[in-house]
Amino acid sequence: MKVDTYKKTSKDFRFPPNLDDYDHAYRVFDWKTAHKELDWFDGKLNAAYNAVDRHLHTWRKNKVALYWEGEAGEQKKFTFEELALASNKIGNILKDFGVERGDRVFIFLPRIPELYFSFLGILKIGATAGTLFSAFQEQALADRLENSGAQVVITNSELKLRIDKIKSKLPELKHIITVDTQDFQKSFEKASEDLHVAHMDPEDYAFMLYTSGTTGKPKGVVHAHRAVIGQYATAKWVLDLRDDDTYWCTADPGWVTGIAYEILGSWTAGVTAVVHAGRFDPKRWYEILEKYKVTVWYTAPTAIRMLMAAGDELVKKHDLTSLRHMCSVGEPLNPEAIKWAIKVFDKPFHDTWWQTETGAISIANYPCMDIKIGSMGKPFPGVVAAIVDEQGKEVETNAEGNIALRPGWPLMMKTIWKRPQKYKSYFEHGWYISGDRGWKDADGYFWFIGRADDVIKTAGERVGPFEVESALVEHPAVVEAGVIGKPDTLRGEIIKAFVVLDAGTKPSEQLKTELMDYVKKHLAGHAYPREIEFIDKLPKTRSGKIMRRILKAKEMGLPVGDTSTLEEY
Ligand code: WTA
């Protein structure tokens with residue numbers, strides 16, 4: 001395989017990067033040093049306090065923390081002090097509702113300022129925050145709220161209607177706070193700006209996110225307050241955030257990237273952030289980069305490919321010279337996308353690899369390091385990564401295996417909510433097994449191959465086939481469904497469903513559309529199959545498990561492999 005290398009030269013450094021010698025840092029790194037850069041209360045800490053309140057004792061107090069822009073172009077801005085006070089108010093409102101340490105408070109909101117105030121306020125009182133994409137529909141919401149036993153949901157009046165429909169399934173849900181009502185506005189105005197920030201043990205829960213695996217319902221990955229240590233360290237060394245930066249992370253806090261690098265890590269680094277609450281639109285995106293003079297940009301491969309598809313002319317219409325550092329996460333970043341970025345932005349995207357479970361960037365390309373185009377880079381200092389075989393033995397250089405991390409890095413997930421066995425199952429032979437396959441080259445760069453399981457990554461979203469299959473079989477015409485990720489040049493993968501219909505139902509194009517809409521309406525706006533194929537029978541194991549591997553091989557015209565355990569094929 002021919003590898004192109006992007007060699008860094010002095011032109012790549014407007015300033016010396018925060019991390020100027022990766023090899024040295026990796027050798028001498030000690031998490032204790034990273035600990036010291038945060039504010040502690042005598043061995044206790046609070047992630048949200050570190051993100052905002054600690055800056056109030058410095059010149060950053062009146063610095064803009066958040067430039068917010070809505071879908072219709074409305075603009076607002078908040079200083080660190082304003083963020084601190086608004087989140088104190090939310091903390092007090094929650095306390096008035098009886099919320100206590102350890103209670104789960106879920107946020108079901110689009111990216112409006114109240115989402116950020118709420119997230120911080122929840123952490124400040126020691127409760128556990130959960131985030132939910134506003135694209136979620138009844139089934140996705142019910143699964144998450146029921147399993148987490150959330151006591152409070154913070155939402156708006158439009159999204160609340162979806163919660164109302166499932167409320168009867170949620171015995172533990174006591175309060176729904178609707179932020180766009182007059183009642184809420186009144187209590188927000190009245191609420192005290194003084195709040196005692198809870199001093200949390202580093203191991204105490206801070207936030208949880210539901211994410212998908214191959215089987216079963218989504219699982220609640222729980223992170224402790226200590227996660228902020230790694231989120232901050234990576235924000236500083238990988239995103240290279242500096243005090244004079246304007247930083248734009250395009251992720252939604254429904255996704256771990258939005259929590260780690262739009263709230264906790266980036267604000268702990270004291271950076272001014274831009275949040276755009278609108279939909280993806282190439283023209284708008286370039287306008288935002290230009291208008292706010294964004295210097296550091298963290299986005300995802302699907303968005304980059306869509307920008308690429310929108311053409312170079314559009315880029316040229318904007319002055320994007322403020323950009324100095326660009327990173328990507330969530331799915332494989334194609335070499336073409338990096339080369340395109342070098343052509344149009346005069347700088348590459350730096351790929352970063354991590355997972356909801358790892359809590360922060362774990363493998364990355366650093367500003368100070370040459371980029372082997374197509375590689376995910378090298379492990380973050382303090383993180384030991386390896387390619388291992390099924391026995392946990394490191395494989396040879398360039399050989400394929402499981403991407404694994406040595407447990408014990410401080411940002412690693414704390415647990416899987418109510419599923420301790422599931423949590424344990426991640427660890428084998430002394431390694432955390434990521435579920436991703438890859439290889440490591442002679443220079444220590446890691447390369448991604450694919451998932452070891454059936455998890456789908458569509459436009460960066462992690463979707464479990466089981467969830468989509470379950471949603472489809474709820475439809476009266478569907479007897480069974482098997483769901484796979486089908487490679488797609490724009491979205492990385494799209495969801496494809498193989499559907500067995502009820503004997504009395506005739507297949508039709510109209511029915512396909514109906515099924516797509518059904519999943520959109522019941523599960524989530526983004527997790528629906530863009531392709532449906534009706535088939536007579538699904539390949540299954542003798543124990544009745546759908547063999548998605550076979551569906552995928554057939555779809556891609558590949559050999560189906562060993563079928564000896566199949567029931568019938
Ligand atoms: C995939 C995302 C290739 C991978 C923060 C991983 C990537 C899953 C990359 C986690 C990358 C993430 N190159 N694949 N740079 N980054 N992935 O939990 O399969 O939504 O296991 O967290 O995304 O997805 P999650």
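Side chains are part of it too, since the values below use all heavy atoms of this structure and drop only hydrogens, waters and symmetry mates. When a ligand or atom number is given, it counts from 1 through the structure's own listing order.
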Determine whether a donor-acceptor pair (N or O, by modelled atom type, separation under 3.5 Å) exists between the side chain of His225 and the backbone of Pro202. no
Identify, with sequence neighbours excluded, every residue that meets ring-ring contact (aromatic ring centres under 6.0 Å, His included) alongside His35. Trp40
Residues with a heavy atom under 4.0 Å from ligand 1, by chain and number, are Trp255, Val256, Thr257, Val329, Gly330, Glu331, Pro332, Asp351, Thr352, Trp353, Trp354, Gln355, Thr356, Met376, Asp436, Phe448, Arg451, Lys457, Arg462
Can any side-chain N or O of Lys552 pair as donor or acceptor with the backbone N or O of Gly485 at less than 3.5 Å? yes
Glu400/Arg437 ion pair, N-O < 4.0 Å: yes
Side chains of Thr352 and Tyr298, donor plus acceptor under 3.5 Å: yes
Geometric class of the His276/Trp248 ring pair [parallel <30°, tilted 30-60°, perpendicular >60°]: perpendicular
